Amino acid sequence: MRVQVAIIGAGPSGLLLGQLLHRAGIEAVILERKSGEYVLGRIRAGVLEQGAVDLLDEAGVGARMHAEGLVHGGIHLCFDGERHRIDLAGLTGGKHVTVYGQTEVTRDLMDARAAAGAKTVYEAEDVSVHGFDTDSPVVRYRKDGKVHEITCDFIAGCDGFHGVTRESLPAGAVRNYERVYPFGWLGVLADVPPVSDELIYVNHPRGFALCSMRSMKRSRYYVQVPLDEKIESWPDDRFWTELKSRLDKQAAAAIVTGPSIEKSIAPLRSFVGEPMRFGRLLLAGDAAHIVPPTGAKGLNLAASDVRYLSRALIDHYRAGSMKEIDAYSGKCLRRVWKAVRFSWWMTSMMHRFPDTGEFGQKIQETELAYLVGSKAASTSLAENYVGLPFED
Ligand code: FAS
Ligand code: PHB
């Protein structure tokens, strides 16, 4: 089989890239090691920057997002039992975020790809990538016991943090930057109305908590837990009691609890692998970088990379140029590092670290007091949270 672009991974990065390339008349195949149902079953991100919303519109998959997504103009920070609203729209000249779950984004992209008749191979086993330092790279995979080979012009590594593409690079080709945090997030999804119509980020002596949502009937809550926590130790009652203990009095009294429909513990890390391009192999999304979810940047960075990558590939096929392909990694990384910084800063400010000490605790409390008391500081948070501008 021969295609112009072979995409590894059918998460948001791979599916969004495939959709944008298809609309530009560029033929791509997507290879995904899991089933479509498995991919949809992963509960992850919930907040879209305007840039991601615009890109989904450009991909022709924005209808349900606009019909069902919740447009938010602010978030709340809660500490010392008090809630403080950060007026995102007022501080950024009217910019908003849209609450629309990654599961729904993925479903919309899957439906669009199926409707277009574009090829996705699910449950593709033993995917391997070859010759990306030549003009005609090759991808191999096994399906139903048979080995298949795809020749292509480019390989897009959209296979996430545990994927095969970054692992296939020659030793020493990637510079890795990483910070692993000494805690995780225990997340619960429940069909109960959210406690607030905007997100609440909590810094409490017992640890961080986040009140989010997927709709006005489905809530998403998180509490910070030690890294060695086991999900089996967290029956629903224990989760709700712990969450309430971290909320302000009004929220604790108002929260509606109910049976969890999904419950999982996610580790937190910051990771960036540089560069993001190796000859004819280009990495996008979690395959190249990971951020702690505190800043709601993971999915949005994936969209940011795909925005640059789709434009570079379309430019190549339309103008016969490699200029944008050559510029891809630098453009992505300049925006990636700003989101990595913001996510690290939000995580450092909102979580309790075992080794903070009394001085560190006072600095964290002062950082929060300064943030909510200074228009300049709040504006800095707001402009990062709604999404920084793109380079063109
Ligand atoms: P993904 O990991 O989503 O997709 C990669 C795909 O490649 C997967 O479907 C995988 O099965 C496939 N794949 C892997 N190896 C392969 C191989 N060898 N062959 C073929 N296919 C292969 N972000 C937020 O903004 N907010 C959150 O709350 C949040 N929570 C998260 C919780 C968890 C547990 C994780 C892991 C991430 C979370 N994220 C969150 C970040 C997340 O949303 C990612 O940013 C987003 O999924 C990135 O999308 P992709 O780059 O497509 O990577
Ligand atoms: C979510 O709704 O899953 C969510 C929202 C904001 C975050 C992280 C996760 O910062």
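Model, not experiment: these values are computed from the prediction. Every number for a ligand or one of its atoms is a count from 1 in the order of the listing.
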Margin query: Quick test of your reading: applying side-chain hydrogen bond (donor to acceptor under 3.5 Å, both in side chains), list the pairs with at least one residue in residues 4-29, sequence neighbours left out, ordered by first then second residue.
Written below: none
Check: Within less than 4.0 angstrom of ligand 2, does M346 place any heavy atom?
Finding: no
Check: Do W185 and ligand 1 have an N or O pair less than 3.5 Å apart?
Finding: no
Check: Which option out of Y100, Y222, Y385 puts a heavy atom nearest to atom 9 (C) of ligand 2?
Finding: Y222
Notebook entry, point to check: Do T134 side-chain atoms and G131 backbone N/O form a donor-acceptor pair below 3.5 Å?
Noted result: yes
Notebook entry, point to check: Which of these, R33, E167, E125, has its nearest heavy atom closest to atom 16 (C) of ligand 1?
Noted result: R33
Margin query: Heavy atoms only, cut-off 4.0 Å: how does C158 contact ligand 1, side chain, backbone, both, or neither?
Written below: backbone
Margin query: I need the contact type for R44 against ligand 2. Using non-hydrogen atoms and a strict under-4.0 Å cut-off, is it side chain, backbone, both or neither?
Written below: backbone
Next item on the list: Give the atoms of ligand 2, by number and element, whose distance to some non-hydrogen atom of T294 is under 4.0 Å.
Entry: 10 (O)
Next item on the list: May I ask you to identify, for P12, whether its side chain, its backbone, both or neither come under 4.0 Å of ligand 1 on a heavy-atom basis?
Entry: both
Notebook entry, point to check: Looking at W234, does the NZ or CZ of R238 lie under 6.0 angstrom from its six-membered ring centre and within 45 degrees of the ring axis?
Noted result: yes
Checklist line | F79-H84 aromatic ring centre distance below 6.0 Å | finding: yes
Margin query: I need the contact type for L31 against ligand 1. Using non-hydrogen atoms and a strict under-4.0 Å cut-off, is it side chain, backbone, both or neither?
Written below: backbone
Note to self: Tell me if a side-chain donor or acceptor on S260 pairs with a main-chain N or O of K263 at a distance below 3.5 Å.
What the structure shows: no
Margin query: Distance under 4.0 Å to a non-hydrogen atom of L199: what atoms of ligand 2 satisfy this?
Written below: 5 (C), 6 (C)
Margin query: I'd like to know if the side chain of H204 reaches the main chain of L247, judged simply by a donor and an acceptor atom lying under 3.5 Å from each other, with no hydrogens or angles considered.
Written below: no
Note to self: Using a strict threshold of under 4.0 Å (side-chain N to carboxylate O), is an ion pair present between R335 and E391?
What the structure shows: no
Next item on the list: Between S212 and ligand 2, find which residue part has any heavy-atom pair under 4.0 Å and reply side chain, backbone, both or neither.
Entry: side chain
Check: Linking Ile, Leu, Val, Met, Phe, Trp and Tyr by side-chain heavy atoms under 4.5 Å, what else ends up with V129?
Finding: M1, V3, I8, V29, L31, V121, V127, F132, V139, Y141, I150, I155, V164, L169, V174, F278, L281, L283
Margin query: Give me the nearest non-hydrogen protein atom to atom 8 (C) of ligand 2 as residue plus atom name, then the distance to 0.1 Å.
Written below: P293 O, 3.2 Å
Check: Which residue and non-hydrogen atom of the protein lie closest to atom 6 (C) of ligand 2, and at what distance in Å?
Finding: Y201 OH, 3.4 Å
Checklist line | Distance-minimising heavy-atom pair for K34 and Y122 | finding: O-CD2, 3.3 Å
Next item on the list: Check whether any heavy atom of Y221 sits under 4.0 Å from an atom of ligand 2.
Entry: no
Note to self: Is the distance from the ring center of F161 to that of F271 below 6.0 Å?
What the structure shows: yes
Next item on the list: Record the part of K297 in heavy-atom contact with ligand 1 below 4.0 Å; permitted values are side chain, backbone, both and neither.
Entry: backbone
Check: Any heavy atom of K297 sitting closer than 4.0 Å to ligand 2?
Finding: no
